[in-house]
Trainee: 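Take a look at this one; I'll ask things after.
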Amino acid sequence: MAAVTEPVRAPRRSNIPSANVQLPAVQSYTQVNDEIIATLRGTKAWFVGLGLAITALAIGIAAWMYQIYFGLGVAGYAPPVMWGVYIITFVFWVGIGHAGTLISAILYLFRAGFRTTIYRCAEAMTVFAVMTAGLFPILHLGRPWKFFWLIPYPNWRLLWPQFKSPLVWDVFAILTYLTVSTTFLYIGLLPDLAALRDRETHPVRKQIFSLLSMGWRNSDREWRHFARAYLFLAAFSTPLVLSVHSVVSFDFAMALTPGWHATIFPPYFVAGAIFSGIGMVFTIIIPIRRWFNLKHYVTINHLDAAAKLCLTTSLIVGLAYVTEFWVAWYSGNKVEQDYFINRVFGQWWWAAWIMLLCNMVLPLSLFSQRLRRNTTWLFILSLFINLGMWFERFVIVVPSLSHEFEPWQWTQYAPSWVDWAILLGSFGWFSMWFLLFIKQFPVIAIAEVKEIIPPPVRRPHPHEDAIDTSARHLAFETETPGEHD
Amino acid sequence: MRGVLGVFHELDSLVDAVAALKKERSGDITVYSATPRHEIEHVMAHGPSVVRRFTLIGGLLGATFGYWIAIWASDYWPLVVGGKPIAAWVPYTIFGFEMMVLIGSLATVAGLFINARVPRLTMTVGYDPRFSDGAFGVWVACPPDKERAVAATLERNGAVEVRSER
């Protein structure tokens with residue numbers, strides 16, 4: 001009887017687990033210091049980038065001065081659309097900040113290893129994005145110099161803010177978020193500032209790093225309290241990040257405007273914020289890892305894992321979009337139903353379809369591992385996500401205000417050149433701070449990277465088997481189309 | 001302050017040296033490493049950090065302040081709307097929560113600074129810049145008569161450099 005044999009098949013390429021976050025090309029603590037501190041040297045491209053950012057900021061400042069002189073009417077508002085580009089961009093930048101805290105705090109609590117090499121950039125992005133967002137409510141004021149009236153403090157007028165107003169909730173939430181994010185970033189920087197201080201030879205820079213590092217010495221006492229404090233800061237930041245965008249969503253959800261008055265808004269906003277922030281993380285980290293030669297720190301596995309997070313939040317956002325339509329239909333509320341039909345087929349149909357395409361459809365490509373590991377595609381996709389998330393906020397703000405209950409309230413809205421110039425200025429402001437940051441401070445956390453590489457030992461490490469030094473993912477990277485373009 | 005500083009290139013050598021020094025009761029030991037290591041934590045065997053108490057107290061004070069400022073201001077300047085409470089606890093929870101996070105976080109940082117003794121104005125004694133790079137270090141604060149014995153223990157356990165400082 002003839003033997004039955006299985007047909008021979010070509011071996012399938014195995015699925016690369018992105019949980020593999022080891023850094024096989026990083027061998028020693030000194031190498032970490034050398035390579036990461038080397039990124040602080042200024043380059044021509046950096047100066048060009050900084051020049052462009054400052055130019056964009058100058059355009060924004062000029063437009064704002066023009067607006068202060070001539071009044072808010074130059075901003076393209078058309079009653080009843082009295083929230084336009086400024087509030088859209090405010091929500092956009094607050095959202096951008098959220099992924100930073102997600103990556104630095106929430107993923108820290110979950111012990112997600114892929115955060116280690118990307119969290120510093122993400123955290124800095126958070127601080128500068130919130131700084132940018134905080135400008136927009138002030139820009140939106142007719143008399144911006146009176147913004148401090150929103151802060152509760154004893155004053156001769158005996159006036160206090162209205163604590164039941166969502167706008168006051170915003171003030172508390174955003175200021176808390178900015179303070180805690182900045183604190184979290186700075187505390188995480190302390191050991192790295194000490195490393196910079198100890199390496200620095202220029203006397204002035206050494207003095208500055210000495211002051212900033214506060215005499216940090218890497219002692220066991222410092223590390224013991226640092227670890228606990230960092231954990232608690234992460235634990236505080238986790239509910240904070242969820243609360244801040246929930247509070248921002250209340251700005252809308254507390255109003256009886258069609259399309260806004262929905263209980264789905266807080267989770268919808270939080271998911272959208274994290275989604276947009278991850279998009280911005282890709283926009284920032286992919287050029288940085290290439291220009292700064294940090295591909296062996298921010299590996300394809302790290303990007304792959306972050307792309308899965310991006311896909312997950314995209315699916316949640318997509319579900320929220322669909323649920324909004326379902327709620328409108330199921331409510332039986334004619335005004336709400338008309339609003340949602342108007343959203344996709346009315347005067348702003350193009351904005352809605354840009355939003356749906358960029359936020360729901362294109363991210364589905366991340367189901368493909370090959371595309372998740374293709375940095376060129378991730379970068380292009382991240383630009384679409386940034387665009388789509390700005391338009392999401394446009395779709396929330398403008399169609400609702402321009403299509404309220406009564407036909408006399410139905411109107412048009414077109415941003416003016418002042419709106420666009422200030423939007424450009426906000427990108428200049430954000431980019432300027434970020435570019436200044438990456439040349440003064442390490443873009444990758446030196447101390448935390450050292451935690452994940454094997455320490456130098458005389459005897460074999462008892463957990464050596466658990467450390468994957470096979471460089472499998474590096475071998476895979478070279479096969480990935482677009483990675484080395 | 002006077003003592004002996006040892007520089008190590010390997011983590012296990014450092015751990016062995018610290019264990020030996022603790023056994024000999026040589027003096028107050030400070031260990032330096034460029035990154036926190038569980039091996040060092042275990043051999044030093046300190047108790048849990050007290051930073052958590054600062055966090056708890058700060059968080060409770062913050063939550064109390066957040067609720068108090070909103071309730072007090074509403075009571076001081078009441079806006080009477082039919083059927084609506086003057087002080088509404090549901091929206092005021094936002095202030096309680098945000099202030100809990102803010103004051104709790106700042107208290108945590110204060111706890112870190114107080115317990116870790118930073119900012120530190122001087123750091124020349126008992127420290128070496130290599131400790132933020134690739135080397136590990138041990139500083140033993142001890143009287144002059146013990147310095148020789150401490151130095152011998154450090155060298156026996158693999159220290160690549162030992163020096164007395166004051």
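Every heavy atom of this structure was used, including side-chain atoms; hydrogens, water molecules and symmetry mates were not. Naming convention: chains lettered A, B, ... in sequence-line order (proteins, then strands); numbering from 1 in each chain. A quick note: this is a predicted structure, and the numbers were derived from the prediction, not measured.
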Trainee: For A:R217 and B:Y32, does a side-chain donor sit closer than 3.5 Å to a side-chain acceptor?
Mentor: yes
Trainee: Could you check whether atom CZ of B:R163 has more than 12 heavy atoms from other residues, nucleotides or ligands sitting under 6.0 Å from it?
Mentor: yes
Trainee: Heavy-atom pairs under 4.5 Å with chain A - which of B:L14, B:D16, B:I40, B:I29 has more of them than the others?
Mentor: B:D16
Trainee: Would a distance-only check, ignoring hydrogens and angles, find a side-chain to backbone donor-acceptor pair under 3.5 Å from A:R120 to A:V443?
Mentor: no
Trainee: Heavy-atom pairs under 4.5 Å with chain A - which of B:M100, B:E10, B:M44 has more of them than the others?
Mentor: B:E10
Trainee: Below 4.5 Å, heavy-atom pairs only: which of B:S13, B:A88, B:A135 has the largest tally toward chain A?
Mentor: B:S13
Trainee: For the residue pair A:E35 and A:Q31, confirm or rule out a side-chain donor-acceptor distance under 3.5 Å.
Mentor: yes
Trainee: Are the aromatic ring centres of A:F269 and A:F252 under 6.0 angstrom apart?
Mentor: yes
Trainee: Counting heavy-atom pairs closer than 4.5 Å to chain B, which one of A:E448, A:E222, A:M214, A:R228 comes out on top?
Mentor: A:M214
Trainee: Using non-hydrogen atoms and a 4.5 Å limit, figure out which bit of A:I446 sits close to chain B: side chain, backbone, both or neither.
Mentor: neither
Trainee: Measure distances from B:F54 to the heavy atoms of chain A and classify the residue's part below 4.5 Å as side chain, backbone, both or neither.
Mentor: neither
Trainee: Do you know which of B:P48, B:A116, B:G158 has the most heavy-atom pairs under 4.5 Å to chain A?
Mentor: B:A116
Trainee: For the backbone of B:A87 and the side chain of A:K164, can you confirm whether one donor and one acceptor N or O come within less than 3.5 Å of each other?
Mentor: no
Trainee: Between B:V90, B:V50, B:V51, which shows the greatest number of heavy-atom pairs under 4.5 Å with chain A?
Mentor: B:V51
Trainee: Go through the atoms of B:Y92 and report whether side chain, backbone, both or neither lie under 4.5 Å from a heavy atom of chain A.
Mentor: side chain
Trainee: Chain B: which of A:W223, A:W160, A:F172, A:Y186 shares the most heavy-atom pairs with it under 4.5 Å?
Mentor: A:W223
Trainee: Which answer fits B:I103, side chain, backbone, both or neither, if we ask what part of it has an atom under 4.5 Å from a heavy atom of chain A?
Mentor: neither
Trainee: Checking A:Y230 against chain B: side chain, backbone, both or neither under 4.5 Å from a heavy atom?
Mentor: neither
Trainee: Looking at B:R2, I want to see if its CZ is surrounded by more than 12 non-hydrogen atoms of other residues, nucleotides or ligands under 6.0 Å.
Mentor: yes
Trainee: Tell me, with the steps shown, if A:V241 and A:L102 meet side-chain contact (heavy atoms from CB on, under 4.5 Å).
Mentor: CA-CA 7 Å; A:V241 73; A:L102 175 98; 5.6 Å; no
Trainee: Tell me, side chain or backbone of A:T183 under 4.5 Å from chain B's heavy atoms, or both, or neither?
Mentor: side chain
Trainee: Below 4.5 Å, heavy-atom pairs only: which of A:S219, A:A235, A:P166 has the largest tally toward chain B?
Mentor: A:S219
Trainee: Please report the C-alpha distance between B:T108 and B:T55 in whole Å, then the side-chain angles of each, then the deciding distance to 0.1 Å, and finally whether the side-chain hydrogen bond (donor to acceptor under 3.5 Å, both in side chains) criterion is met.
Mentor: CA-CA 5 Å; B:T108 303; B:T55 309; 2.9 Å; yes
Trainee: Between chain A and each of B:R130, B:R117, B:E41, count heavy-atom pairs under 4.5 Å; write down the option with the most.
Mentor: B:R117
Trainee: Which residue out of A:Q162, A:R199, A:R221 racks up the most heavy-atom pairs below 4.5 Å with chain B?
Mentor: A:R221
Trainee: Is it the case that atom NE2 in B:H46 sees more than 12 heavy atoms from other parts of the structure closer than 6.0 Å?
Mentor: yes
Trainee: Quick one: what part of A:V168 sits under 4.5 Å from any heavy atom of chain B, side chain, backbone, both or neither?
Mentor: both
Trainee: For A:D34 and A:Y29, test the side chains for any donor-to-acceptor distance below 3.5 angstrom and give the result as yes or no.
Mentor: no
Trainee: In terms of heavy-atom proximity below 4.5 Å to chain A, should B:V109 be classed as side chain, backbone, both, or neither?
Mentor: side chain
Trainee: Given a strict heavy-atom distance threshold of 4.5 Å, which part of A:I187 is in contact with chain B: side chain, backbone, both, or neither?
Mentor: side chain
Trainee: Is it the backbone or the side chain of A:A195 that comes under 4.5 Å from a heavy atom of chain B, or both, or neither?
Mentor: both
Trainee: So which part of B:I71 gets closer than 4.5 Å to some heavy atom of chain A, the side chain, the backbone, both or neither?
Mentor: neither
Trainee: Can you establish whether the number of heavy atoms outside B:D145 located under 6.0 Å from its atom CG is more than 12?
Mentor: yes
Trainee: Is it true that a side-chain atom of B:T93 and a backbone atom of B:W89 form a donor plus acceptor pair closer than 3.5 Å?
Mentor: yes
